[in-house]
Amino acid sequence: GVKLSALDIENKLLKIAGVEAVAVVKIADEVRGDNFLAYIVGNIDKKIIRQALNPSESPKEIIFVKNLPLNSSGKVDKKILIEMSRKLRS
């Protein structure tokens, strides 16, 4: 199969109407294999997102947030998102 990156998925998600901002993180899982998690700011149904992506591009989980955490340089702080995902899965 084609090797996807978090950035590839982010770019595809940003093209969907209703998605204002997105951050995709890769979650390493030795048991189930690596998965992508998408944090999305926007008013859109998950079904529309899933229909807009090929199954291989679709993140395992889609989580809607009011805003994305930013680091001191104004970029999305993916470390915080990865921590959030750990809390969700525990």
Side-chain angles (χ1 to χ4, degrees):
V2 176
K3 195 87 166 144
L4 277 177
S5 73
L7 187 61
D8 293 330
I9 297 170
E10 284 178 8
N11 289 332
K12 289 182 185 280
L13 288 169
L14 284 169
K15 291 178 183 170
I16 301 170
V19 174
E20 295 167 31
V22 64
V24 175
V25 292
K26 186 175 184 177
I27 305 298
D29 187 324
E30 291 178 17
V31 178
R32 290 176 253 163
D34 295 347
N35 288 305
F36 289 103
L37 212 70
Y39 289 89
I40 295 177
V41 177
N43 187 14
I44 184 168
D45 193 296
K46 282 185 186 180
K47 283 184 236 164
I48 293 169
I49 294 169
R50 298 250 185 244
Q51 289 169 355
L53 300 172
N54 293 326
S56 64
E57 300 168 335
S58 193
K60 182 171 181 354
E61 289 184 59
I62 296 171
I63 300 159
F64 289 98
V65 291
K66 286 190 168 111
N67 49 43
L68 296 170
L70 303 179
N71 62 23
S72 58
S73 35
K75 294 184 178 177
V76 174
D77 194 331
K78 291 195 175 183
K79 288 179 185 172
I80 291 175
L81 295 176
I82 290 169
E83 259 324 295
M84 286 169 54
S85 75
R86 286 193 184 119
K87 288 178 184 163
L88 288 172
R89 292 181 296 142
S90 59

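Because the structure is predicted, anything quoted here is derived from the model rather than measured.
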Could you tell me whether Asn43 atom CG has more than 12 heavy atoms of other residues or ligands within 6.0 Å of it?
-> no
First locate atom [atom1] of [X], then atom [atom2] of [Y], and finally report the distance between them rounded to the nearest 0.5 Å.
X     : Y     : atom1 : atom2 : result
Leu81 : Leu68 : CG    : CG    : 6.5 Å
Ser85 : Ile27 : OG    : CD1   : 3.0 Å
Tyr39 : Asn67 : OH    : CG    : 13.0 Å
Arg50 : Lys47 : CZ    : NZ    : 12.0 Å

Apply the test side-chain contact (heavy atoms from CB on, under 4.5 Å) to residues Val76 and Leu70: give CA-CA distance (whole Å), side-chain angles for both, the deciding distance (0.1 Å), then the verdict.
-> CA-CA 4 Å; Val76 174; Leu70 303 179; 4.2 Å; yes
Got a donor-acceptor contact below 3.5 angstrom from the Asn54 side chain to the Ser56 backbone?
-> no
Taking all atoms of both residues into account, what is the closest heavy-atom pair of Leu53 and Pro59, and its distance?
->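 Minimum heavy-atom separation between Leu53 and Pro59: CD1-CD, 3.8 Å.
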Determine all donor-acceptor pairs shorter than 3.5 Å in which one atom belongs to a side chain in residues 9-22; sequence neighbours excluded.
unit_1 : atom_1 : unit_2 : atom_2 : d
Glu10  : OE2    : Val24  : N      : 2.8
Glu10  : OE2    : Lys78  : NZ     : 2.6
Asn11  : ND2    : Leu7   : O      : 3.3
Lys12  : NZ     : Glu57  : OE2    : 3.2

Candidate pair Phe64 and Ile44, rule side-chain contact (heavy atoms from CB on, under 4.5 Å), full reasoning | CA-CA 9 Å; Phe64 289 98; Ile44 184 168; 3.8 Å; yes
